[in-house]
Amino acid sequence: MVKLKDEQKHDRLIQSAIELLAIAGLTGFSTTKVAQRAGIPQSNVYIYFKNKQALLEAVFQDTVHRQSVAVVHGLDEQAPLTQQLPMSIERLYRFALAEPASVAALQVLLSDSQLKSLLHVKADDQANQQIQRLIKTGVNQGILRPTDLNFLRYFLSRPVFHYAEGVRANLYPDTPAALADLTAMIMGAILQPTVYCDWLQSLPE
């Protein structure tokens with residue numbers, strides 16, 4: 001029972017940190033505010049996290065994992081890459097609508113270049129590794145543009161996050177046609193030109 005209670009406190013601190021980052025950004029972030037939001041004494045924060053940096057690292061790993069799991073859930077690794085990628089875009093979009101705080105917190109962390117250099121994804125995050133393999137395979141097979149993998153991941157995520165934020169603000173329509181347009185734009189940015197043309201021709205009328 002004690003172990004379960006400790007895990008619940010840990011998860012509560014992570015979730016509170018995510019929500020605080022989403023609302024206040026890095027400038028408004030502190031372990032004191034996280035503890036207050038979680039309803040836990042600040043001294044207890046350091047039982048779970050060595051310092052503020054360790055808490056931010058944990059938030060980064062948690063949000064990346066949540067996002068990765070949402071993207072790869074049920075994804076058929078044997079299907080052609082040009083089928084997997086549109087599906088991953090749709091799933092990321094649904095995740096962004098369902099968990100806006102996680103998306104906002106992740107973007108806050110990645111927007112600080114100094115902090116970004118200190119953050120690391122867990123080596124055993126299988127969902128994230130699956131996405132990385134997907135992109136690397138696409139580059140090696142000449143399907144994706146031969147550029148930095150992180151740059152490709154940027155194009156696969158940031159436009160989706162921006163669009164989902166616009167949908168929540170009633171700026172963009174939440175329709176299959178609008179999502180298809182977004183997907184086509186992303187695919188045009190990451191696919192080799194000839195592959196993109198073939199993919200467009202394969203789409204149903």
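No hydrogens, no waters, no symmetry mates; every other heavy atom, side chains included, goes into these values.
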Qualifying residues under salt bridge (charged side-chain N to carboxylate O under 4.0 Å, His left out), relative to [X], sequence neighbours excluded:
{"X": "Glu90", "answer": "none"}
{"X": "Arg94", "answer": "Asp174"}
{"X": "Glu99", "answer": "Arg66"}

Return the [atom1] to [atom2] distance between [X] and [Y], rounded to the nearest 0.5 Å.
{"X": "Gln83", "Y": "Ser202", "atom1": "CD", "atom2": "OG", "value": "8.0 Å"}
{"X": "Asp124", "Y": "His65", "atom1": "CG", "atom2": "NE2", "value": "9.0 Å"}
{"X": "Arg91", "Y": "His73", "atom1": "CZ", "atom2": "NE2", "value": "7.0 Å"}
{"X": "Lys33", "Y": "Ser16", "atom1": "NZ", "atom2": "OG", "value": "14.0 Å"}
{"X": "Leu115", "Y": "Leu110", "atom1": "CG", "atom2": "CG", "value": "8.5 Å"}
{"X": "Gln192", "Y": "Cys197", "atom1": "CD", "atom2": "SG", "value": "11.5 Å"}

Any donor-acceptor N or O pair under 3.5 Å, side chains [X], [Y]:
{"X": "Glu57", "Y": "Gln61", "answer": "yes"}
{"X": "Tyr46", "Y": "Thr31", "answer": "yes"}
{"X": "Arg153", "Y": "Asn128", "answer": "yes"}

Please give me the minimum heavy-atom distance between [X] and [Y], naming the atom from each residue.
{"X": "Leu97", "Y": "Pro100", "answer": "O-CD, 3.6 Å"}
{"X": "Ala17", "Y": "Val59", "answer": "CB-CG2, 3.5 Å"}
{"X": "Phe95", "Y": "Ser102", "answer": "CZ-CB, 4.1 Å"}
{"X": "Val45", "Y": "Ala35", "answer": "CG2-CB, 3.7 Å"}

_Taking ring-ring contact (aromatic ring centres under 6.0 Å, His included) as the definition, give me every residue that meets it alongside Phe60, ordered by chain and number, with sequence neighbours left out._
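Applying ring-ring contact (aromatic ring centres under 6.0 Å, His included) to Phe60 gives none.
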*If you look only at pairs with a residue in residues 108-123, which of them pass as a side-chain hydrogen bond (donor to acceptor under 3.5 Å, both in side chains), with sequence neighbours excluded?*
none
Are the side chains of [Y] and [X] in contact, using a 4.5 Å heavy-atom criterion?
{"X": "Ile190", "Y": "Arg145", "answer": "no"}
{"X": "Gln107", "Y": "Arg158", "answer": "yes"}
{"X": "His10", "Y": "Ile47", "answer": "no"}
{"X": "Leu81", "Y": "Thr137", "answer": "no"}
{"X": "Asp76", "Y": "Gln84", "answer": "no"}
{"X": "Leu21", "Y": "Leu109", "answer": "yes"}
{"X": "Ser68", "Y": "Gln126", "answer": "no"}
{"X": "Pro159", "Y": "Met185", "answer": "no"}

*Tyr196 side chain to Ala184 main-chain N or O, any donor-acceptor pair under 3.5 Å?*
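The answer is yes, because a donor-acceptor pair under 3.5 Å joins these two groups.
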Could you go through residues 162-171 and list every donor-acceptor pair under 3.5 Å that involves a side-chain atom there, pairing it with any protein atom two or more places apart or in another chain?
| residue | atom | partner | partner atom | Å |
| --- | --- | --- | --- | --- |
| His162 | NE2 | Tyr172 | OH | 3.0 |
| Tyr163 | OH | Pro173 | O | 2.3 |
| Arg168 | NH1 | Ala96 | O | 2.9 |

_Arg12 vs Arg37, side chain to side chain contact (heavy atoms under 4.5 Å, CB included): CA-CA, chis, key distance, verdict_ = CA-CA 9 Å; Arg12 210 154 79 225; Arg37 193 174 189 88; over 6 Å; no
Find out if a path of hydrophobic residues (ILVMFWY) with successive side-chain heavy-atom gaps under 4.5 Å connects [X] to [Y].
{"X": "Ile23", "Y": "Leu56", "result": "no"}
{"X": "Val139", "Y": "Ile89", "result": "yes"}
{"X": "Leu179", "Y": "Leu191", "result": "yes"}
{"X": "Leu152", "Y": "Val72", "result": "yes"}
{"X": "Phe49", "Y": "Leu119", "result": "yes"}

*For Leu156, which of Leu92, Ile135, Val71 qualifies under side-chain contact (heavy atoms from CB on, under 4.5 Å)?*
Ile135
*Step by step, would you call Leu55 with Phe29 a side chain to side chain contact (heavy atoms under 4.5 Å, CB included)?*
CA-CA 11 Å; Leu55 176 55; Phe29 186 87; 3.8 Å; yes
*asked:* Could you walk me through whether Phe161 and Gln67 satisfy the side chain to side chain contact (heavy atoms under 4.5 Å, CB included) test, starting with their C-alpha distance in whole Å, then the side-chain angles of each, then the deciding distance to 0.1 Å, before giving a yes or no?
replied: CA-CA 11 Å; Phe161 294 158; Gln67 172 187 312; 3.3 Å; yes
*Using 30° and 60° as the class limits, which term best fits the ring planes of Tyr154 and Phe151: parallel, tilted or perpendicular?*
parallel
